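The block underneath contains the structure these notes are about, expressed in structure tokens.
In this text, all values refer to a predicted model and were calculated from it rather than measured experimentally. Read the numbers this way: they start at 1 and go in the same order the structure lists the ligands and their atoms.
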Amino acid sequence: MCGIVGYAGPQRASELLFAGLRTLEYRGYDSAGVATAAANGSISIQKRAGKLDNLQMALPLLPTDAIAGIAHTRWATHGEASDANAHPHSDESGGIALVHNGIIENFSELKRELEAAGHHFSSTTDTEVLVHLIESAYQGDLRAAIFAVLPRLRGQWAIAVMHKDEPGRIVAARKEAPLVIGIGDGEQFVASDPIAIAAHTRRIVFLRDGEVADLTKSGAQLFAADGSEVPLRIEEVTTSASTNEKGEYTHFMQKEMAEQPQSLRAAMLGRVTDGTVRIEELDAISANIAGIRSIEFVACGSAYNASLAAAALAERLFGIPARSSVASEFRYDPPALGPTTLVIAISQSGETADTLGAVRAARNASAPVIAIVNSEGSTLTRSADAVVLLRAGVEVSVAATKSFTSQALTALLIVLDLARRAGHLSASDAAGWSKELLEIPEMASSALTASEGMRAIAARFYGSEGFMFTSRGEGFATALEGALKLKELSYLHAEGIPAGEMKHGPISLLGPKHPVVAVVLNSHTLQKLVSNLMEARARLSPVIAVVSGVDEAGEFADETIMIPAARPEIAALIASIPLQRFAYEMALCAGASVDQPKNLAKSVTVE
Ligand code: AGP
């Protein structure tokens, strides 16, 4: 992952870059660093392990009269989170400073070669080979040196580099990792995300794979992979740097959970109207719809969980194979793909490397691609035939909450609209769906209120050995998501098991110290699920149930959170809200870092 920001111009570089890093912390927070270049070329570097606050204390050590600088916030891939492994990296003479997002897959062989040639390494990162390669290739022109080095690399990269002999110049390059340049007036920028420079310019060029950008304060040039200059494709972006404040809340996660009635309403605005579902953005693929023979959802993590109920609905309505795949598997072992396979990619960030890889595999096979994305202007929005935005607003907390419910809802809306367009959804069925969909914001509000009960439940069960989340049908995706939330936030072991599978092995874990968390929906498998919960209780496992549309939950659960009755697809989505709160409360019990759990990053741009 990692976030990069660079600046050439008259403003105080260290402070401007540090402010940019604050907006990029979602990309990783294992360490951070800044390098600045003075007019005489000398390069100064400060870098610290840990969160940005550690680096902030070192900023006064950097010169105030720098004319350019680059900065980095790291999510560790190769090498532990330490000062030495923090970026920027430099060569032995201190003449080069380089920041990198991505992975150099052939770094071991390159490092062996460089060490044999006499280079000494000061970190255990893959990135450091880049510095030594550039040092070897440098003959007075940084861009030429970088062009000489790039063909030797395997992997993914977004880099920004400075050299002491060319003060004020930054050369940047990308392959399969996001990078933009920002065009200013007498100042130029480079960043992983326009948000890092939005306070200074909205005039952005999104680099394409293989491209190299060359910046000084007075201008920017762009070069294709073959070295030929290409025109700057300047776009005006609306990204705002104000990633909002926590307001009355202690954590962004709390705020983002509370925002769900609004974010869910926003996802439907103009799309669920007049007794039907119609998403204008899908007009872009209307010519493909009649010919679709299979539907493949691809996503990672929570976004994958958000796709499951929609895939099941698609299969039922269309009567054709429809399924969800984890993007990291799909991209290297895809199913049979072609122009009649509709691929629907889901991603909050729109930058998840595996999801982008899966979309590339789909496009290479000429499959039409719909992207469901929250982050406007992200790479995924520029890689699909049709883009449906979540409109959930910025999500700061690493744990997906409002983006998850908006993804699950938007995926359902897309399936319903496609089915309607293909003649698989009658007007009266569409009207029935629309009526219930429009009640979702209200249901989310009441689920938020009911979630208050999770505080006492978490206090009661914190200290358990582990948690088994379970359900059947549509509720199972919610169980998976509940387990994921609990794991990532409270560092407790949890897994999602289909209720009917418990007896095939996992039941041996159960007992008084291993609660079962059940999503109980009023569906055709309700009685089967209840029997499975009774089996768990017979093994003395306490059952915590989030229940929709079922009376007498006390007969199969020790603790219950009641949410509104709705059809299973909708109830499943609403049921995730109390489970988010459960994980949040458990994280508080554990004293964990709620918005920035250890080892994670919001945007996962490595494989
Ligand atoms: C869950 O809370 C996570 N943040 C994670 O699983 C996330 O959903 C996954 O990394 C995919 O991210 P994306 O939606 O940005 O593609």
Side-chain angles (χ1 to χ4, degrees), residues 1 3 24-29 75 177-178 192-193 195 251-253 256-257 260 263 267 297-308 310 324-331 344-359 369 371-381 383-384 387-390 392-411 469 477-478 480-491 494 496 576-577 579-584 586-587 592-607:
M1 274 82 89
L24 294 177
E25 227 182 342
Y26 73 89
R27 304 180 71 86
Y29 35 80
W75 184 84
S192 298
D193 182 331
I195 201 167
H251 299 106
F252 279 108
M253 182 184 175
E256 287 155 6
M257 288 190 291
Q260 290 177 102
S263 53
F297 284 86
V298 290
C300 303
S302 293
Y304 166 78
N305 295 338
S307 72
L308 291 166
S324 299
S325 298
V326 167
S328 54
E329 291 294 319
F330 182 101
R331 65 182 296 188
I344 305 180
I346 309 184
S347 175
Q348 188 285 131
S349 62
E351 299 294 353
T352 301
D354 287 320
T355 307
L356 294 174
V359 166
V369 176
I372 302 177
V373 193
N374 196 35
S375 183
E376 237 176 309
S378 58
T379 306
L380 187 53
T381 61
S383 320
V387 177
V388 182
L389 292 174
L390 294 181
V394 177
E395 189 176 68
V396 177
S397 184
V398 166
T401 53
K402 64 175 179 174
S403 70
F404 170 80
T405 47
S406 289
Q407 285 169 341
L409 173 58
T410 306
F469 285 69
T478 310
L480 282 178
E481 176 61 7
L484 173 57
K485 286 281 91 77
L486 186 63
K487 271 184 281 213
E488 69 176 328
L489 284 160
S490 67
Y491 318 144
S576 65
I577 293 174
L579 297 185
Q580 295 166 353
R581 180 64 183 267
F582 181 57
Y584 174 78
M586 289 297 237
S593 169
V594 172
D595 288 330
Q596 294 183 330
K598 70 175 155 84
N599 302 341
L600 293 177
K602 183 75 181 158
S603 181
V604 185
T605 60
V606 294
E607 295 192 43

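- Interface of S347 with ligand 1, defined as ligand atoms under 4.0 Å from a residue heavy atom, comprises 13 (P), 14 (O), 15 (O), 16 (O).
- Residues S576 and R581 have side chains not in contact (no heavy-atom distance under 4.5 Å, counting atoms from C-beta outward).
- Remark: ligand 1 atoms within the under-4.0 Å shell around heavy atoms of A303 are 8 (O), 14 (O).
- In summary, the atoms of ligand 1 found under 4.0 Å from a heavy atom of A399, numbered by their order in the structure, are 2 (O).
- Residue contacts with ligand 1: S349 is placed with a nitrogen or oxygen under 3.5 Å of a nitrogen or oxygen of the ligand (distance criterion only).
- Where the criterion is an N or O separation shorter than 3.5 Å, residue side chain and backbone included, G350 fails it with respect to ligand 1.
- The protein non-hydrogen atom at the shortest distance from atom 1 (C) of ligand 1 is S302 OG, 2.9 Å.
- Protein heavy atom in closest approach to atom 4 (N) of ligand 1: V398 O, 2.8 Å.
- Ligand 1 places these atoms under 4.0 Å from at least one heavy atom of G301: 6 (O).
- Distances below 4.0 Å separate heavy atoms of E488 from the following atoms of ligand 1: 1 (C), 2 (O), 3 (C).
- Salt bridge present: R331 and E607 bring a charged side-chain N and a carboxylate O closer than 4.0 Å.
- Shown in contact with K485 at under 4.0 Å from a heavy atom are these atoms of ligand 1, numbered in order with element: 1 (C), 2 (O).
- Of the N and O atoms on the side chains of Q580 and T401, not one donor lies less than 3.5 Å from an acceptor on the other residue.
- Considering only non-hydrogen protein atoms, atom 11 (C) of ligand 1 sits nearest to C300 O, 3.3 Å.
- Looking at atom 16 (O) of ligand 1, its nearest protein heavy atom turns out to be T352 OG1, 2.4 Å.
- The closest side-chain donor-acceptor pair between T405 and Q260 falls under 3.5 angstrom.
- Between K602 and E395, at least one side-chain nitrogen of the basic residue sits less than 4.0 Å from a carboxylate oxygen of the acidic one, meeting the salt-bridge criterion.
- The atoms of ligand 1 that sit less than 4.0 Å from any heavy atom of Q407 are 14 (O).
- At a 3.5 angstrom cut-off on N or O pairs, Q348 counts as close to ligand 1.
- In this structure, Y584 and H251 have perpendicular ring planes: the angle between them is above 60°, well past the 30° mark.
- The shortest N/O to N/O separation between V604 and ligand 1 does not fall below 3.5 Å.
- Under a 4.0 Å criterion applied to the non-hydrogen atoms of A400, ligand 1 contributes the atoms 1 (C), 2 (O), 4 (N).
- Taking the ring pair (Phe, Tyr, Trp, His ring centres under 6.0 Å) definition, one finds that Y26 meets it with nothing, sequence neighbours left out.
- Considering only heavy atoms from C-beta on, V359 comes within 4.5 Å of L380 through its side chain.
- At least one side-chain heavy atom of L480 sits less than 4.5 Å from a side-chain heavy atom of L308.
- With sequence neighbours excluded, the residues forming a side chain to side chain contact (heavy atoms under 4.5 Å, CB included) with S375 are S378, listed by chain and number.
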